[in-house]
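Since the structure comes first, as structure tokens, the remarks are kept for the end.
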There are 2 protein chains.
Amino acid sequence: MAKSPADNGASAQQRRLQMADIARLAGVSTSTVSRALAGSKLVNEETRQRVMELARSLKYSINIGAQNLRLKQNRTVGVVVPFDTNTRQHLTDPFFLGMLGSLADALTEQGFDMLLSRVDAEELDAAAQPFDTGRVIGVILIGQWRHHDQLNQLAARHVPIVVWGAQLPQQLYCTVGGDNVSGGLLATRHLLERGRKRIAFLGDVNLPEVAQRYRGYCNALEEAGMAPDAQLCVPVSFLPEGGADGVRELARRGCDYDALFASSDLLAMTAINTLRAQGREVPRDVAVAGYDDIELSTYFHPPLTTVRQPIAAAGRALVAALLEQAEGRAVVSQQLPTELIVRASSV
Amino acid sequence: MAKSPADNGASAQQRRLQMADIARLAGVSTSTVSRALAGSKLVNEETRQRVMELARSLKYSINIGAQNLRLKQNRTVGVVVPFDTNTRQHLTDPFFLGMLGSLADALTEQGFDMLLSRVDAEELDAAAQPFDTGRVIGVILIGQWRHHDQLNQLAARHVPIVVWGAQLPQQLYCTVGGDNVSGGLLATRHLLERGRKRIAFLGDVNLPEVAQRYRGYCNALEEAGMAPDAQLCVPVSFLPEGGADGVRELARRGCDYDALFASSDLLAMTAINTLRAQGREVPRDVAVAGYDDIELSTYFHPPLTTVRQPIAAAGRALVAALLEQAEGRAVVSQQLPTELIVRASSV
DNA sequence: TTGAAAGCGCTAACAA
DNA sequence: TTGTTAGCGCTTTCAA
């Protein structure tokens, strides 16, 4: 029979060392080896030394799978990145990717491993699979999209799950997210303070987080005694082309605008390039603010004014919330503060 | 005793369903359930239906850990991203992140899960830990850095491992990488063809991949009957600041140059911004080429001429090589073709 | 201080 | 076609 790569059985490769081997070589029982390796004080100091030495020199490590089974424990967390069905959008937005790094750090800090998977956003049920099969103690989902209901179903099934996203009414699952309303407010207020009057908004307001940023945008306008103009709000996807599409759409609408608030830095960047292609200079003709404060924003030309999302804190908060939940404790959703970073694209 | 989050034992949360439960409810033995769920034909069609129906309605899934233990199989691959000790550089370069996405896709395609970890580049031994503990069948390492020797040691220990990076002499481990020499050659030749005479090189030639790109650069100069000028080669890290540092260093050296070849797109981008700050226009005063062809390169201003690394192919190749190796078969290292993408930054 | 034995949740001989 | 039994690699009672 052909051996599949998944099969570790006997082949040319020598058999994996196991506890029984160490026991035999040390002339003790596996119980003793187990205890020695676990640092139990029920074992003679001298034997303990000998066993540990043997294990180290033979590079023996305990089989975590077997250990987990016996101990009914598990130190792995699932991280799921949904992808858009149509675009099959690859793990592409730098912000999500930064979040991944931040989660990796936070999990490592807590001594947990990370099982990463990509799941069709339309089939979010699949996100629970690593949990259902006992591989992970719970799941962190990066990106809520518009699948509120599916997420509620998972929560109703008691799948420990924490979602990066916006807090929504009638939400059964736990979210951790930036304060999108105030983010939108800060950016828009800033643009208004710089004397801009007609501020376009780029983003898909069907997505909860974007909707909240838009709400902040409207609030800021209201503060200034202005009303939002539907002509100025352009729904675009989070894909990089979104920025270009949005600017072109505004042109098509024959819309007049002197500022632009994009719901991600990536969108802001591609928007700026399209503006440039239209012969409009940033910030002279159009002031631009983005969202996220990805690393490249500083290095872009012009450097991007943006709303910073607290990414390191986010990773830690997501992990903390998940671990709480896995312990069976109830956790409340949480909003992290956002901060306006002013750079040259708006001043 | 306080319950740790890793502990799934009895608490408020109801006990996890297991095969014995399904068996009892279906009035059959666990063997039968096992067979039914595995789709064995050793079980009566009608019982099979009943069992499957029951499992589905109760949302029962087989515990993979137990199954793996029993079957001595495993369908998880470790992906390790080394981080630089000093900078503790977070998963930051878009290229590596893209690679992660590509690996996730390739693994999913093959029905494998991905265990992601970050390890200190100085402690690459740690990369083997998920393998040593039996969690994964092998490890894919993104980024070779300068740790050739440690990698050789892992290979000598028969840890199935595949590294994204350059092929080196006396290499015991398997690498998959872009053809860096020809990448460097293509970019440099292109700049020369555009009439540039003094081409600066940005990158840390202590890193094998960068060294090869530099070799390609030298080869192209040689083709044109020119010799490399040490003044024009600036060692900079892969961190975003690297580009700025490099351009400033060239200024400090009082170096004259009319083109710049950066060993990553990120470096090229930050270099361009620094050039701009110095009042030098791209490509008029300095033509710039990058490396990687990250997504943003198209949207940068000016759009970046660059050497495209075949990232989707890379993911598939890395995974294929690892699976081969995990089966105990020997695999040869492999170079994937690179391609010059000409955009406005150089013409 | 140690070892024998049972069992974590599952699968596969083997027997019926 | 099904159930009984043993055992994957480990930990932990229990008895010595």
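Below, chains carry the letters A, B, ... as their sequence lines are ordered, and counting in each starts from 1. Just so you know, these numbers come straight off a predicted model, no measurement behind them.
- The base of dT12(D) sits with one of its N or O atoms less than 3.5 Å from a complementary donor or acceptor on the side chain of Ser31(A).
- One atom, CG of Leu69(A), and another, P of dT12(D), lie 13 Å apart when rounded to the nearest Å.
- Not one side-chain nitrogen or oxygen of Thr30(B) sits closer than 4.0 Å to the OP1 or OP2 atom of dG3(D).
- Nearest to the side chain of Leu71(A), among dA6(D), dT1(D), dT12(D), sits dT12(D).
- At the phosphate of dT11(D), OP1 or OP2 sits under 4.0 Å from a side-chain N or O atom of Gln67(A).
- Judged by distance alone, the side chain of Asn68(B) and the main-chain N or O of Gly65(B) form no donor-acceptor pair under 3.5 Å.
- Of the residues near DNA chain D, Ala66(A) and Asn44(B), the one whose nearest nucleotide (by heavy atom distance) lies more toward the 5' end is Asn44(B).
- Atom CZ in Arg48(B) sits about 12 Å away from atom P in dT2(D), given to the nearest Å.
- Distances shown here put a side-chain N or O of Lys72(B) below 4.0 Å from the OP1 or OP2 atom of dG9(D).
- Geometrically, Arg16(A) does not engage Tyr60(A) in a cation-pi contact defined by less than 6.0 Å to the ring centre and at most 45° from the axis.
- End-to-end axis angle of the helix from dT1(C)-dA16(D) to dA16(C)-dT1(D), using five pairs per end and rounding to 10°, comes to 50°.
- Comparing dT2(D), dG9(D), dT11(D) by their closest approach to the side chain of Val43(B) singles out dT2(D).
- One N or O on the side chain of Ser333(A) and one on the backbone of Thr175(A) form a donor-acceptor pair closer than 3.5 Å.
- A salt bridge between Asp132(B) and Arg157(B) is present, with a side-chain N of the basic residue lying under 4.0 Å from a carboxylate O of the acidic one.
- Whole-Å rounding puts the Ile22(A) CD1 to dT2(C) P distance at 17 Å.
- Each of Arg35(B) and Tyr60(B) has a nearest nucleotide on DNA chain C; the 5'-most of these lies closest to Tyr60(B).
- Between Arg50(B) and Glu53(B), no side-chain nitrogen of the basic residue sits less than 4.0 Å from a carboxylate oxygen of the acidic one, so the salt-bridge criterion is not met.
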Listing, residues 33-41 of chain B side-chain donor-acceptor contacts under 3.5 Å, not counting sequence neighbours, or none:
residue: Ser40(B); atom: OG; partner: Leu42(B); partner atom: N; Å: 2.9

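- Rounded to a whole Å, the CG atom of Leu42(B) is 14 Å from the P atom of dC14(C).
- The CG atom of Asp132(B) sits 16 Å away from the C1' atom of dG9(D) (whole-angstrom rounding).
- Counting only distance, with no hydrogens or angles, the side chain of His148(B) and the backbone of Gln171(B) share no donor-acceptor pair below 3.5 Å.
- Applying the 4.0 Å criterion to OP1 and OP2 of dG3(D), one finds that Thr32(B) has a side-chain N or O inside that range.
- Put simply, CD on Glu45(A) is 16 Å from C1' on dT2(C), counting in whole angstrom units.
- The distance between atom CE of Met19(B) and atom C1' of dG3(D), rounded to the nearest whole Å, is 15 Å.
- dG9(C) atom C1' lies 18 Å from atom CD1 of Ile64(A), rounded to whole Å.
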